[in-house]
Amino acid sequence: MGFTLLGAVIPGLGLIVGGRRRIGAFVLTLFLGLIGLVVYVGLTRRDEVLAAAVVPSRLLMTSVVIGAVAFCWIVVIVASHRSLRPATGGAGGRAFGATFVGLLCFAIAAPAAVGVQSVLAQRSLVQDVFQAQGESKSATRPSTVNVKDPWEDKPRLNLLLLGGDDAPSREGVRTDTVIVASIDTKTGNTALVSLPRNLTFMPFPADSPLRKYYPNGFGKEGLSLDGRLEWMLTAMYQNVPDAHPGILGPSDNEGADVVKQSVGEAIGLKLDYYLQVNLQSFPEIVDALGGIRVNVNERVAMGGVSSSHIPPKEWIEPGPNQYLDGRHALWFARGRYGADDDQRQVRQRCVIKSIVDAADPQTLVTKYKAIARAGRHLLRTDIPQELLPAMVQLALKVKSGTVSNVTLDSDKLRLKYLHPDYQALRDTVENALESAPAPTPTTPTTPTTPGTTRKPTTATTTAPPGPTQNLADACAYNPNGDQPN
């Protein structure tokens, strides 16, 4: 029995002791070779292994390999016990031995089954969320993908992060959360630019077909405050495609393409891809991660309507390093009663940072099936499958890099006025990215592409210096004492 256990831990050893030396030596050599290969790959090829985890064909092959290794391991355990058990053993001893071998086989089969399920869950996630470049349609993403070195001529990757409020019980979609993540592809240092959802007269690039219909931006003069609601940034995702379907060309998500073009023109950056989060499924991903921890500097309302003076029934109270489950995390990001857009934007960026922090290797390994299942319901994107291996390696840099916030002065930029100063906004973002630390002097300022032409404005203010703030500082516990009541 002892040698059966030892032969299960070190495959081949039980066969050698049982007299089947030749095949036992072969199995032991093969086992030690596999251990050596795993150690070598883990130490020297970690990034490549992680990149392979987003390639559906390799994931399918991995699931087959896991199943085959587990099956062979079980065969070795059974064969070792048959070689070792005495021929004169009684029925009781044989029954006990069979039970013992069954437990050993289960100890191999159970984690192998979990591993196969996790790998197949990852494969389903990749296939459901990310489509191949030739199998999906986008009017705004790069037309080609340099699979070998996607960042060769791209010092910065600009992603549009959208938070949509689509739900079966809600008519239309509004993007209440609009954040641009500009990532230094060399260091992973990331600058986040949050735009208020109530911006009006959002511009379009000079070469966009929408410029013909909105030469002065998406907006109308002479409207009441309620009338402006349908002409704000938050309404563009739904209203522009409804008014001009197909105007940008073939697209799987016309609303996202419209917002990409307009936001890119507003801040002076060419936006590469978008990631859209369905906020109704957002709690599911937070719960799959086991919750997040944030510093709560002010009371955050869970519900309530400020305009109707309807107070919320629940609050998230101030406190350091508070644990939030999915429901509370969603309200922490979205709660608006007694708070302005600036406060909400800070909280949303802190939630992004907390999710990045929560996605540690131990959590991903132990809870990955739930995370993958939530991700299938949560995300829409135009990032092609071919780019995923490079995106994984860039994500590792982002996790170890610095995430900072580009501070926007609402008063100087006139962000709360009917006609914001978009020229000054572009200058602010440009200055912020120029001042961010970079490993080489090749980091560009605002990209000069046909889609980012700048229009002169009639009343341009002097652009603020474009400061950035590390989110570790912005999200620290520092209650200001000014709490909603």
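Sequence positions, counted from 1, serve as the residue numbers for this chain.
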May I ask you to check whether over 12 heavy atoms, not counting those of Tyr417, lie within 6.0 Å of atom OH?
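No - once you tally the heavy atoms of other residues, nucleotides and ligands closer than 6.0 Å, there are 12 at most.
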
Neighbour count above 12 (heavy atom, 6.0 Å) for Arg228 CZ:
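Yes, because the 6.0 Å sphere around CZ of Arg228 holds more than 12 heavy atoms from other groups.
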
Can you find a pair of side-chain heavy atoms, one from [X] and one from [Y], that are under 4.5 Å apart?
X	Y	value
His328	Met302	yes
Lys154	Asp272	yes
Tyr273	Leu387	yes
Glu298	Pro479	no
Tyr213	Phe204	no
Ile316	Arg299	no

Run the side-chain contact (heavy atoms from CB on, under 4.5 Å) test on Val263 and Val180 for me, step by step, so that the C-alpha distance in whole Å, both residues' side-chain angles and the decisive distance to 0.1 Å come before the verdict.
CA-CA 8 Å; Val263 170; Val180 174; 3.6 Å; yes

Under a 4.0 Å N-O cut-off, is there an ion pair linking Lys270 with Glu265?
no

Salt bridge check, Glu230 against Lys220: does any charged N sit closer than 4.0 Å to a carboxylate O?
no

Without swapping roles, check the side chain of Asn297 against the backbone of Ala476 for a donor-acceptor pair under 3.5 Å.
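A pair under 3.5 Å: yes.
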
Examine distances only and state if a side-chain atom of Arg197 and a backbone atom of Thr234 form a donor-acceptor pair shorter than 3.5 Å.
no

Residue pairs passing the side chain to side chain donor-acceptor pair (under 3.5 Å) test where at least one lies in residues 378-392, sequence neighbours excluded:
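Every pair satisfying side chain to side chain donor-acceptor pair (under 3.5 Å) with a residue in residues 378-392: Ser138-Asp382, Lys260-Asp382.
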
Pairing donors with acceptors under 3.5 angstrom, does anything connect the side chains of Asn253 and Tyr237?
yes

